[in-house]
Amino acid sequence: MGGIGLTVWVDSNYRGSNHTFRDDNPDLRSINMTNRISSLRAARGEGWEVCTEPRYQGRCQVFSGDEPNLQSRGWNDTISSVRRVRGGGGGGGFPGRPPTNGLELYAGLDFSGRRLELTDAAADFRRMDFNDRAMSLRVPRNQAWEICVHNNFDDCRVVTEDVRDLNSLGLSRLLSSARPRSGRGIGGGGGGTGRARLVLYDRPGYAGRSMTIDNERSTLVFFRDQAGSAQVVGRWELCDEPGFKGRCATVSSDVRDLARLGLRDRVSSVRPR
């Protein structure tokens, strides 16, 4: 094998015709291996994504190490494309991950299971038969996406990097819509132009976990008394008690540190004005 790449065989237990991949292959028909692979071996430290359709579409799963019998994993004679997702480039993370055009959602942990790729706003995952199914995701470099608990972009968080387990954000099997977020601010994002929007962050400087809000919230569920900064489209009223009571402040521009309004870690309700 040479210690680098993915080697596949047409029979189980590493027998029969074989081929070693050191680069991505979006269509195995080019080497007459489509739907013929029954065992595989990934070099140490490498992970490879295999998919049932060409160009990394259909059902996908990441494999590492040895798989002497893909029948036991439900993958015998089903692979049509392969690509490296980690290793082979040195360092941690996913240095060898191929570029993608948009957000990739996976129905399994660690980027496994059925995959849905989005290149534009999707207001209702039910139309794609992917509602409440995502358990992990990948974000292309230099992109930011809003992932939302409800359809029509309600109750959202902003993600800028891969998430192996959405349970770390409290969002496993809860996503119903998503849209790209353009630029550093929140104006001009997919589907949000001209509409009041508020993004709360749990740390100053627009850092940490985030929550996107498009409408009145008399009580913040996930972010009550946790906000450290805010990005704003339109005019919003922020209050330190539920029901828009207590100390309130109206903002119409980004607030890098809510402490200057006396509201850091004290926001309990918000509404557009």
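Residue numbers start at 1 and run along the sequence shown.
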Exercise for review: Establish, for the pair Arg133 and Phe130, whether the NZ or CZ atom is under 6.0 angstrom from the six-membered ring centre and no further than 45 degrees off its axis.
Suggested key: yes

**Study point:** Any donor-acceptor N or O pair under 3.5 Å, side chains Ser80, Glu53
**Key:** no

Point to revise | Side-chain donor-acceptor contact under 3.5 Å, Gln61 with Tyr106 | key: no

Spacing of [atom1] belonging to [X] relative to [atom2] belonging to [Y], to within rounding of 0.5 Å:
| X | Y | atom1 | atom2 | value |
| --- | --- | --- | --- | --- |
| Phe244 | Arg217 | CZ | CZ | 10.5 Å |
| Arg84 | Leu6 | CZ | CG | 9.0 Å |
| Ser30 | Asn25 | OG | CG | 4.0 Å |
| Ser39 | Leu70 | OG | CG | 6.5 Å |

Practice item. Kindly indicate whether the side chain of Arg235, heavy atoms from C-beta on, has any atom under 4.5 Å from the side chain of Thr250. Key: yes

Check your understanding: Given the side-chain rings of Tyr14 and Trp9, with only the six-membered ring counted for Trp, is the space between their centroids under 6.0 Å?
Key -> yes

Looking only at heavy atoms, which two atoms of [X] and [Y] are closest? And how far apart?
| X | Y | result |
| --- | --- | --- |
| Pro272 | Asn215 | CD-C, 4.1 Å |
| Ala134 | Leu105 | CB-CB, 4.2 Å |
| Ser136 | Gly108 | OG-O, 2.5 Å |

Side-chain donor-acceptor contacts of residues 259-268 below 3.5 Å, not counting sequence neighbours, with atom names and distances?
unit_1 : atom_1 : unit_2 : atom_2 : d
Arg264 : NE     : Asp257 : OD1    : 3.0
Arg264 : NH2    : Asp257 : OD1    : 3.0
Arg264 : NH2    : Asp257 : OD2    : 2.4
Arg266 : NH2    : Asp240 : OD2    : 3.0
Ser268 : OG     : Asp225 : OD1    : 3.0
Ser268 : OG     : Asp240 : O      : 3.2

Got a sec, which residues hit side-chain hydrogen bond (donor to acceptor under 3.5 Å, both in side chains) with [X], two or more places apart in sequence or on another chain?
| X | result |
| --- | --- |
| Asp124 | Arg126 |
| Asp27 | Arg29 |
| Arg173 | none |
| Gln57 | none |

Exercise for review: Could you go through the side-chain hydrogen bond (donor to acceptor under 3.5 Å, both in side chains) check for Asn76 and Ser38 one step at a time?
Suggested key: CA-CA 5 Å; Asn76 189 56; Ser38 296; 2.6 Å; yes

Point to revise | By ring-ring contact (aromatic ring centres under 6.0 Å, His included) - contacts of Phe21 (at least two apart) | key: His19

